[in-house]
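Owing to the predicted nature of the structure, the values given are computational and were not obtained by experimental measurement. Just the heavy atoms: all of them, side chains too, but no hydrogens, waters or symmetry mates, feed the values below.
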Amino acid sequence: MERKSKVALTSIIAGVLVLVTLTTNVILFVLVQKDVKSRVREDMESKTLMVLHALETHVDKDAFTRLVTVGDPKDPYYETLRVDMERIKQRSGLKYLYSLAKTPKGQLIYVVDGNDPKAKGFSALGDKATSDEFKGFDAAQSKRTPWIDVSKSKEWGHLMTVYYPLIDAKGRFAGVLGADNEMGTLYAAIAKRTRFFGLLIALVTLLGLVATILAALIIRKTERSRLRTHDNLEKSYEALEQSQKALAASEETKRALFNAATESVLLLDAKGVVLVANEAMAQQFGATPEEVTGKNLGELEGDEARTLLELKDKVVQTGAVEHCERRGEEKHLTYSLYPIIDGDRVIEVAVFAQDIGWRQKLEAALAESEERFRSAFENAAVAIALTNLDGRLIKVNRSFCEIFETSEEQAAELTLAQITADEDIEKDAILKQRLLTGEIPYYHIEKKFRGVTGKHIWGILSASTVRGPDGKPLYAIGMVQNINDRKLAEFALKEAKQLAEDARNHAEHMARTDFLTDLFNRRAFIERFEQEMDRASRDKKPIGLIMADVDHFKKVNDTYGHEVGDKVLIAFAQCLERNCRKYDFVGRQGGEEFLVALPESNMDQSMQIAERIRQSVSELAIEVEGLDKPIRITSSFGVSVYRSGLDTFDEVMIRADEAAYLAKTGGRNKVCKKATRDKV
């Protein structure tokens with residue numbers, strides 16, 4: 001073990017001793033404090049109980065019960081008991097001393113308070129007890145034994161309360177005596193009693209620390225002495241080991257060179273005699289290591305042996321390293337000859353041979369792979385771009401230049417933000433940040449680009465990152481597939497669908513709408529009315545139906561012509577709609593006849609609405625170009641009501657038509673009703 005480690009161990013041992021001493025004394029102090037706290041609290045409880053017991057023996061139970069029942073503070077016993085309790089409270093050091101009882105009505109009240117009536121917190125006879133007192137009172141009443149409770153409140157502070165039951169001579173429960181001790185007094189007593197133990201424990205701790213420090217110093221002094229002896233012994237062993245290494249240096253050098261070789265190894269002396277050869281080197285001479293060991297290179301067959309012999313002579317003469325290559329049918333070998341020098345002369349030569357054919361194959365494969373990548377990059381049908389971490393374009397292919405209408409030189413000055421449509425820049429930046437932080441490995445997104453000339457291009461972007469060995473991103477690769485044609489087709493299809501939908505809606509509207517007034521036609525009105533009938537049947541609600549007929553409309557057509565007549569009908573239809581409620585609906589029956597549906601309307605309501613419409617029609621003034629005066633009209637109205645479960649639409653319609661006929665034959669410009677059909 002090193003000296004620093006041993007000194008550290010000594011320090012750790014000393015620290016552990018100090019920690020054990022401190023921990024033991026802290027635990028001891030906590031136990032003592034806990035015991036003292038328990039004893040002090042028991043003493044306080046015992047003292048309070050003794051005070052209450054002594055007070056209880058002097059309480060006149062009958063007089064106390066009278067105070068509770070009558071509640072008269074002028075009772076002489078009330079003041080006598082209060083003065084006694086005040087004297088006892090001051091002698092005993094209690095914060096509060098009082099009594100509680102329940103009135104005949106069951107209310108918990110203060111009976112006698114040991115405080116001065118002028119003091120803060122004094123409770124007069126009959127004052128209702130606070131909610132804090134209920135628990136202690138109920139416990140003392142049910143158990144007939146003293147009850148101790150600890151409570152804390154903003155008004156009274158932190159108190160320990162003792163509830164002592166008052167039992168009269170007949171064993172009846174009369175009330176309780178309550179005594180409150182300030183917990184601060186308890187804590188002060190605990191502090192006073194534990195102060196001595198704290199000083200004692202602190203002294204013991206100090207003595208323990210001094211003893212620990214002295215022990216650590218003694219241990220470290222002993223350790224230093226032992227370490228000096230150990231250092232002297234190590235120096236002796238080191239001197240002996242260096243002597244042994246010097247004797248075995250030459251052999252160790254040969255063995256280290258041989259064992260370190262990963263390929264063919266050969267060790268020659270200065271004359272060219274083989275001293276050591278591994279299996280790989282011997283196979284190159286067509287022999288085993290044993291067969292070539294001890295032979296001179298000149299005795300071995302082949303041009304390789306003669307070449308190595310010539311190189312060996314150069315190494316011995318110059319003392320420099322020599323290299324050569326030999327290319328065979330299956331291998332491409334490199335030879336390196338290193339001199340082993342003793343003093344100023346070369347005594348041995350180490351030969352290392354390595355087959356580098358695999359490296360050349362790898363380089364060729366790499367070159368081929370790079371060529372394939374370059375060809376694929378340049379000739380790809382999709383746009384490909386390499387960008388740095390700031391989003392600037394590094395390299396782009398031909399398709400990129402065609403799509404974005406630029407050249408490679410111009411692209412090198414662009415950033416991704418410059419070729420991205422404004423509405424996609426923020427979304428693109430978020431995805432790029434997630435990609436660079438490694439939150440996602442790649443992403444695909446359909447987005448709108450902006451060419452160099454300002455032309456918008458729709459494309460599908462596939463982006464990923466290239467990372468280094470440490471996992472940090474180096475640059476990003478993005479591929480963009482041009483989908484302009486597809487997007488144009490989508491837009492055209494969407495537009496065609498919208499046109500078809502508009503045409504269908506228009507056709508449906510025309511099929512259901514009167515061409516002149518833009519109201520429901522007869523068929524659409526009947527369909528809507530039947531729907532309301534289904535709902536009315538479920539809810540048991542009526543539906544009012546008004547048939548309105550323009551009076552003397554033929555005279556309008558004959559006098560002013562059909563064009564003016566159409567304007568009159570339009571004005572009449574608008575007047576009908578204007579005077580209806582938002583959930584009513586109007587339709588044209590045909591000619592000058594119109595229908596008005598009034599959901600959830602009985603006969604009286606329907607008649608009121610019809611009368612309102614009639615009045616509004618009579619006030620119409622229809623201005624017509626070319627006429628000096630406006631045209632005025634009146635209308636006749638027939639009203640009927642659909643009865644849930646009793647009528648069909650045809651029956652309601654017939655009754656409305658009959659009512660309208662009555663209005664016309666009765667002088668016109670009237671509202672008539674028909675509740676049921678006349679019996680035939």
Side-chain angles (χ1 to χ4, degrees), residues 362-363 365-502:
L362 181 61
E363 291 174 351
L366 180 61
E368 183 181 355
S369 176
E370 289 179 348
E371 178 60 26
R372 285 200 300 268
F373 172 77
R374 188 194 65 77
S375 177
F377 181 86
E378 290 296 336
N379 300 316
V382 297
I384 304 176
L386 307 182
T387 65
N388 61 19
L389 301 184
D390 294 331
R392 185 165 294 280
L393 302 180
I394 302 173
K395 185 174 179 58
V396 297
N397 67 349
R398 185 173 60 254
S399 295
F400 184 94
C401 296
E402 293 174 355
I403 292 175
F404 290 94
E405 302 174 326
T406 185
S407 63
E408 289 191 39
E409 293 75 14
Q410 290 176 322
E413 299 177 359
L414 297 175
T415 63
L416 289 177
Q418 290 176 310
I419 61 172
T420 300
D422 293 340
E423 59 267 29
D424 287 338
I425 288 179
E426 183 176 355
K427 178 172 62 176
D428 216 31
I430 294 173
L431 288 172
K432 174 189 171 185
Q433 184 62 27
R434 294 179 63 194
L435 185 67
L436 295 179
T437 57
E439 184 180 347
I440 54 175
Y442 56 86
Y443 67 86
H444 304 288
I445 182 175
E446 183 178 296
K447 56 178 289 189
K448 187 161 63 173
F449 293 92
R450 181 172 53 203
V452 174
T453 61
K455 172 184 174 183
H456 280 144
I457 304 155
W458 280 95
I460 297 177
L461 171 64
S462 300
S464 60
T465 58
V466 176
R467 298 180 179 272
D470 57 356
K472 293 183 179 179
L474 301 177
Y475 56 90
I477 299 178
M479 292 186 290
V480 179
Q481 180 183 354
N482 190 344
I483 58 170
N484 255 353
D485 293 340
R486 193 191 78 187
K487 294 300 291 186
L488 291 175
E490 288 178 0
F491 293 148
L493 179 60
K494 183 177 180 180
E495 184 178 359
K497 286 183 177 180
Q498 186 61 48
L499 291 174
E501 181 68 17
D502 293 343

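- Arg450 approaches Thr420 most closely through the heavy-atom pair NH2-O, 3.4 Å.
- Scanning for side-chain hydrogen bond (donor to acceptor under 3.5 Å, both in side chains) contacts around Asp428 gives Lys447, with sequence neighbours left out.
- Taking 4.5 Å as the limit, some side-chain heavy atom of Ile457 sits within range of a side-chain heavy atom of Ile403.
- The side-chain contact (heavy atoms from CB on, under 4.5 Å) search around Val396 returns Ala385, Leu393, Phe400, Cys401, Glu408, Ala411, not counting sequence neighbours.
- Side-chain atoms of Leu414 and Arg392, non-hydrogen and from C-beta on, never get closer than 4.5 Å to each other.
- Listed by chain and residue number, nothing satisfies the side-chain contact (heavy atoms from CB on, under 4.5 Å) test with Ala429 (two or more places apart in sequence, or in another chain).
- For Leu436, the side-chain contact (heavy atoms from CB on, under 4.5 Å) criterion is met by Leu389, Lys432, Thr465, Pro473, not counting sequence neighbours.
- Among residues two or more places apart in sequence or in another chain, the salt bridge (charged side-chain N to carboxylate O under 4.0 Å, His left out) test is passed with Asp470 by none.
- A search for salt bridge (charged side-chain N to carboxylate O under 4.0 Å, His left out) contacts involving Glu405 returns nothing, not counting sequence neighbours.
- The ring pair (Phe, Tyr, Trp, His ring centres under 6.0 Å) check on Tyr442 picks up His444, with sequence neighbours excluded.
- Taking CG of Leu499 as the start and NZ of Lys494 as the end, the distance is 12.5 Å to the nearest 0.5 Å.
- The distance from atom CG of Asp424 to atom CD1 of Ile419, rounded to the nearest 0.5 Å, is 12.0 Å.
- With rounding to the nearest 0.5 Å, the separation of CH2 in Trp458 from CZ in Arg486 is 9.5 Å.
- With a 4.5 Å cut-off on side-chain heavy atoms, Ile460 and Val480 do not count as touching.
- Distance alone, capped at 3.5 Å, is enough to place a donor-acceptor pair between the Ser399 side chain and the Ala380 backbone.
- Scanning for side-chain hydrogen bond (donor to acceptor under 3.5 Å, both in side chains) contacts around Lys448 gives Glu423, with sequence neighbours left out.
- Applying the side-chain hydrogen bond (donor to acceptor under 3.5 Å, both in side chains) criterion to Arg398, with sequence neighbours excluded, gives Asn379.
- Put simply, CG on Asn397 and CE on Met479 are 10.5 Å apart, with the number rounded to the nearest 0.5 Å.
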* To do: Might you work through the side-chain contact (heavy atoms from CB on, under 4.5 Å) test for Ile483 and Glu446, ending with a clear yes or no?
  => CA-CA 9 Å; Ile483 58 170; Glu446 183 178 296; 3.7 Å; yes
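- Counting all heavy atoms, side chain and backbone alike, Leu461 lies closest to Phe449 at CB-CZ, 4.1 Å.
- Taking Glu409 as the reference, nothing meets the salt bridge (charged side-chain N to carboxylate O under 4.0 Å, His left out) condition, with sequence neighbours excluded.
- The structure places OG1 of Thr406 at 10.0 Å from CZ of Phe404, a figure rounded to the nearest 0.5 Å.
- Partners of Lys395 under the salt bridge (charged side-chain N to carboxylate O under 4.0 Å, His left out) rule, at least two apart in sequence or in another chain, are Glu378.
- Annotation: side-chain contact (heavy atoms from CB on, under 4.5 Å) contacts of Glu439 (sequence neighbours excluded): Arg434, Thr437.
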